[in-house]
Amino acid sequence: MRLLLLNGPNLNLLGQREPGLYGSTSLEEIEKDLKSFSDTEGIQLECFQTNFEGALVERIHQSIGKIEGILINAGAYTHSSIALRDALLGTGIPYVELHLSNTSSREQFRHHSYLADKAVGIVSGFGAYSYRLALEGLIFYLRQAN
């Protein structure tokens, strides 16, 4: 099984950006933990981060026929990008939306997600552990589907 972790804008600053809100764990540390866990499960995990919406769309398109599931923390694009939604729906690849913080307890504009209604699941509010929970949930979903 091959999975893809997508991270959107500003997530490259994890560990230094607003640590009171997002924690002190870097994206590199999160990816290392997820890859280690994936290896024990016999799963290949690819990781991709960009601050550019079009690059995320392209990476989603490139996943067709190669990736069985996507984990996505689209960052601010969660609340603004119809293009990401269309790319995810266009591929038909199951995906889990995830966030470090509980977006429902934050500013009103963060309460709406363009991705949520078509996601297999949503994980938010557990800091860096949201990534592990999302990964475990996606693996469970895909194994049940097969």
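All of these numbers come straight from a predicted model, not from anything done at the bench. All residue numbers in this chain count up from 1 along the given sequence.
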A.B. asks: Give the C-alpha distance, both sets of side-chain angles, the deciding distance and a yes or no for salt bridge (charged side-chain N to carboxylate O under 4.0 Å, His left out) between Glu136 and Arg132.
C.D. replies: CA-CA 6 Å; Glu136 290 180 19; Arg132 174 68 82 89; 3.5 Å; yes
A.B. asks: Is Phe37 atom CZ crowded by more than 12 heavy atoms from other residues, nucleotides or ligands, each under 6.0 Å away?
C.D. replies: yes
A.B. asks: Just one of Asn7, Leu84, Leu88 clears the side-chain contact (heavy atoms from CB on, under 4.5 Å) bar with Leu56, so which one?
C.D. replies: Leu84
A.B. asks: Determine whether a donor-acceptor pair (N or O, by modelled atom type, separation under 3.5 Å) exists between the side chain of Glu97 and the backbone of Ala116.
C.D. replies: yes
A.B. asks: Which distance, rounded to the nearest 0.5 Å, do you find between the CZ of Phe52 and the OH of Tyr77?
C.D. replies: 7.5 Å
A.B. asks: Ion pair present between Arg85 and Asp117, side-chain N to carboxylate O less than 4.0 angstrom?
C.D. replies: yes
A.B. asks: List for me each residue that meets salt bridge (Lys or Arg N to Asp or Glu O under 4.0 Å) alongside Glu28, sequence neighbours excluded, and say none if there are none.
C.D. replies: none
A.B. asks: State whether the side chain of Ser38 and the backbone N or O of Leu34 hold a donor-acceptor pair below 3.5 Å, judged by distance alone.
C.D. replies: yes
A.B. asks: Among all residues two or more places apart in sequence or in another chain, which pass the ring pair (Phe, Tyr, Trp, His ring centres under 6.0 Å) test with Tyr114?
C.D. replies: His112
A.B. asks: If you look only at pairs with a residue in residues 52-61, which of them pass as a side-chain hydrogen bond (donor to acceptor under 3.5 Å, both in side chains), with sequence neighbours excluded?
C.D. replies: Glu46-Arg59, Glu53-Ser81, Arg59-Ser63
A.B. asks: Supply the atom-to-atom distance Leu5 CG to Leu135 CG, rounded to the nearest 0.5 angstrom.
C.D. replies: 8.5 Å
A.B. asks: Given 3.5 Å as the limit, does a donor-acceptor pair link the side chain of Thr78 with the main chain of Gly75, or not?
C.D. replies: yes
A.B. asks: How far does OG1 of Thr25 sit from OH of Tyr131, to the nearest 0.5 angstrom?
C.D. replies: 10.5 Å
